[in-house]
Asker: 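Submitted below is the structure of interest, expressed as structure tokens.
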Amino acid sequence: MIDFLGIGAQKCGTTWLYERLAQHPQVRFPAGKEIHFWDHHLDRGINWWIAQFPETAPDVRKGEITPAYAMLGHEAITTIRSVAPRVRLFYSMRNPIARAWALSLMVLVRAGLSIEETPDQWFIDHFHSRASRQRGDYLQCIQNWLAVFPEESLQLIVLDDICADPRSVLIKLSHHLSIDPLYFAAANLTELSQPVFQGPSYDIRGRLLESLRDLYAAEIERLGCRLGRDLTHWLQWNGMRYG
């Protein structure tokens, strides 16, 4: 049976988490990082999903990280708890302004479009699209999952913390997943800090940055209250590419 489930969010460091956890001797991803059963493959039946996590040694933890699961509805989340009531959950977030920009760039590249030739309105329409808004509404995603699972089942991770102190993030996650934290405590910090799967990166045009600030200002404030931390620096980001 599955032991842990990474539920999102997209463009928020989930591939980094996957790569680091996959190196741990007590962690297995039998079917890879993303299975997408609950959002794309329900027709295969729940027994198919369960079969993706065959029994292993008692101290080994098995799971998947599918960012799209953050947006699952109440019925799917309730079914997951009925099937795996003790599953440990984690959810990673980043500045939603930077996340929305990163997602738009990924969509742009996949569509074969050039950023230089793409007008501001294309980006603004994408920022306001249902797909982008849902993925960036962290607070609603958290509330949906905690309406079904107890709060202690879910660990929240902020990309800022991964960048500032990756070792501490992984040690804390190890305790949450009941795996040996000493593996990450002894790991090479330079290797832990290496980014994984960086997408295309460009500075944001001024008009687009203002559009995103207006779009997410209220949500950033509410999320900061929920997390008990000051996130105003997210609004102050100057739109320059990361790294």
Asker: Going hydrophobic residue to hydrophobic residue with side-chain gaps under 4.5 angstrom, can you get from Ile97 over to Met106?
Answerer: yes
Asker: Can you classify the ring geometry of Tyr138 versus Trp234 as parallel (below 30°), tilted (30 to 60°) or perpendicular (above 60°)?
Answerer: perpendicular
Asker: Please determine whether a side-chain nitrogen of the Lys or Arg among Asp161 and Arg229 lies less than 4.0 Å from a carboxylate oxygen of the Asp or Glu.
Answerer: yes
Asker: Taking Arg133 as the fixed residue, which of His128, Glu219, Gln140 is the one that meets the side chain to side chain donor-acceptor pair (under 3.5 Å) rule?
Answerer: Glu219
Asker: Applying side chain to side chain donor-acceptor pair (under 3.5 Å), name anything that partners Gln194, two or more places apart in sequence or on another chain.
Answerer: none
Asker: Nearest 0.5 Å please: distance from the NZ atom of Lys11 over to the OG atom of Ser92.
Answerer: 12.0 Å
Asker: Phe127 and Met71: same hydrophobic cluster, using ILVMFWY side-chain contacts below 4.5 Å?
Answerer: no
Asker: Quick check against the 3.5 Å criterion: does Arg86 have a side-chain atom that pairs as donor or acceptor with the backbone of Asp3?
Answerer: no
Asker: Before accepting this row, confirm whether a basic side-chain N of the pair Glu210/Arg207 lies closer than 4.0 Å to the acidic partner's carboxylate O.
Answerer: no
Asker: Taking Arg94 for its side chain and Leu159 for its backbone only, find out whether a donor-acceptor pair lies under 3.5 Å.
Answerer: no
Asker: Can you list every pair that meets ring-ring contact (aromatic ring centres under 6.0 Å, His included) and has a residue in residues 142-163, with sequence neighbours left out?
Answerer: Trp145-Phe149
Asker: Against Ile77, only a single residue in Ile7, Leu146, Asn144 fulfils side-chain contact (heavy atoms from CB on, under 4.5 Å); can you say which?
Answerer: Asn144
Asker: When clusters are formed by joining ILVMFWY residues with side-chain heavy atoms under 4.5 Å apart, either directly or through shared neighbours, do Ile65 and Val60 land in the same one?
Answerer: no
Asker: Flag the pair Phe123 / Trp101 as yes when their ring centroid distance falls below 6.0 Å, and as no otherwise.
Answerer: yes
Asker: For the pair Arg81 (side chain) and Val148 (backbone), establish whether a donor and an acceptor sit closer than 3.5 Å, ignoring hydrogens and angles.
Answerer: yes
Asker: I'd like to know if Val83 and Leu154 are part of one continuous hydrophobic network [Ile/Leu/Val/Met/Phe/Trp/Tyr, side-chain heavy atoms within less than 4.5 Å].
Answerer: yes
Asker: Among side-chain atoms of Tyr69 and Glu64, is any donor-acceptor pair under 3.5 angstrom?
Answerer: yes
Asker: Please report the interatomic distance CD(Gln52) to CD1(Ile2), rounded to the nearest 0.5 Å.
Answerer: 10.0 Å
Asker: Under the 6.0 Å and 45° cation-pi test, does Arg61 pair with Phe53?
Answerer: no
Asker: Is the backbone of Leu89 close enough, under 3.5 Å, to the side chain of Gln155 for a donor and an acceptor to pair up by distance?
Answerer: no
